[in-house]
Colleague: 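Sharing a structure below in structure tokens format, with a few things to ask.
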Amino acid sequence: MRIDILTIHPELLKSPFKHSILSRAIDSKLVHIELHDIRSYSNDKHKRVDDYQFGGGAGMVMTIQPIADCIEKLKNERKYDAIIYMTPDGERLEQSISNHFSCFKNIIILCGHYKGVDQRIRDHYITHEISIGDYVLTGGELGAAVLCDSIIRLIPGVISDETSALTDSFQDNLLAPPVYTRPANYNGWEVSEILLSGHQQKIEDWRQAQALERTEEKRPDLLDKKD
Ligand code: ADE
């Protein structure tokens with residue numbers, strides 16, 4: 001998978017891909033991330049990428065030209081399955097959306113700033129608008145990092161034990177069950193006998209019951225979505 005990220009702060013997006021699972025995914029060529037500095041595409045002599053809103057009002061708007069030129073260049077090089085805009089008024093990110101995107105070959109992610117981008121970019125290029133939650137960030141970069149992380153870990157081969165991604169919270173609209181490791185008894189805090197029994201079917205049944213109980217308690221709304 002290839003992900004092209006358009007940003008006015010490329011430095012901000014370097015670190016999330018430098019560590020642990022994401023950096024290993026990049027090193028083993030399961031994913032290729034390319035950061036594009038929108039400012040470097042600006043035809044303005046001061047390399048400006050924003051301007052005042054038509055009609056007045058507080059806040060600047062990201063201009064069309066540098067973003068359009070960057071997207072056009074990329075589209076001439078390869079076919080894209082999605083051009084995603086990170087914005088607080090987008091569709092709220094959920095596991096099902098990440099699952100869907102993880103099947104794509106090439107995607108572009110545009111990070112918004114200020115009051116956002118000129119609406120014509122959204123009308124003519126953007127295929128999906130994504131929000132990572134009902135709060136406003138200073139820009140789309142952190143949202144883009146969250147989106148990339150949630151997609152990349154689903155690419156086959158990225159997580160060594162593939163079943164582990166399938167048993168994540170939200171994959172079946174249930175929260176994940178509690179997990180334990182050694183010691184089985186820590187100063188009197190004990191682990192359920194079932195987990196130590198070696199009886200795989202009983203362990204699975206116990207985990208399923210715990211996942212249901214946890215979901216009922218913490219996120220009953222998820223149960224309404226369950227088929
Ligand atoms: N940009 C600013 N706030 C955002 C949010 N909540 N999600 C995605 N992009 C954003």
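Whatever order the structure lists ligands and atoms in, that order sets their numbers, starting from 1.
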Colleague: Would you mind checking which non-hydrogen protein atom is closest to atom 6 (N) of ligand 1, with the distance to 0.1 Å?
Modeller: Tyr135 O, 2.8 Å
Colleague: Which residue supplies the protein heavy atom nearest to atom 3 (N) of ligand 1, what is that atom called, and how far is it?
Modeller: Leu137 N, 3.0 Å
Colleague: Taking NZ, NE, NH1 and NH2 as the nitrogens, is one of them in Lys218 or Glu213 under 4.0 Å from a carboxylate oxygen of the other?
Modeller: no
Colleague: Does at least one non-hydrogen atom of Ile130 fall below 4.0 angstrom from an atom of ligand 1?
Modeller: yes
Colleague: Would you call Arg219 and Asp221 a salt bridge, taking side-chain N to carboxylate O under 4.0 Å as the test?
Modeller: yes
Colleague: I'd like to know if Arg2 pairs up with Asp4 as an ion pair, taking the criterion as any Lys NZ or Arg NE/NH1/NH2 lying under 4.0 Å from an Asp or Glu carboxylate oxygen.
Modeller: yes
Colleague: Could you tell me if any non-hydrogen atom of Gly139 lies under 4.0 Å from any atom of ligand 1?
Modeller: yes
Colleague: Give yes or no for whether the N/O distance cutoff of 3.5 Å, strictly under, is met between Gly143 and ligand 1.
Modeller: no
Colleague: I need the nearest protein heavy-atom contact for atom 9 (N) of ligand 1: residue, atom name and distance, please.
Modeller: Thr87 N, 3.3 Å
Colleague: Could an N or O of ligand 1 be found under 3.5 Å from any N or O of Ile132, whether backbone or side chain?
Modeller: yes
Colleague: Inspect the contact between Lys14 and Glu11 and indicate whether a charged nitrogen and a carboxylate oxygen are less than 4.0 angstrom apart.
Modeller: yes
Colleague: Applying the side chain to side chain contact (heavy atoms under 4.5 Å, CB included) criterion to Phe101, which one of Ile3, Ile130, Asp81 satisfies it?
Modeller: Ile130
Colleague: Does ligand 1 have any atom that is closer than 4.0 Å to a heavy atom of Pro88?
Modeller: yes
Colleague: Identify the residue among Val146, Leu13, Ile109 that makes a side chain to side chain contact (heavy atoms under 4.5 Å, CB included) with Glu141.
Modeller: Leu13
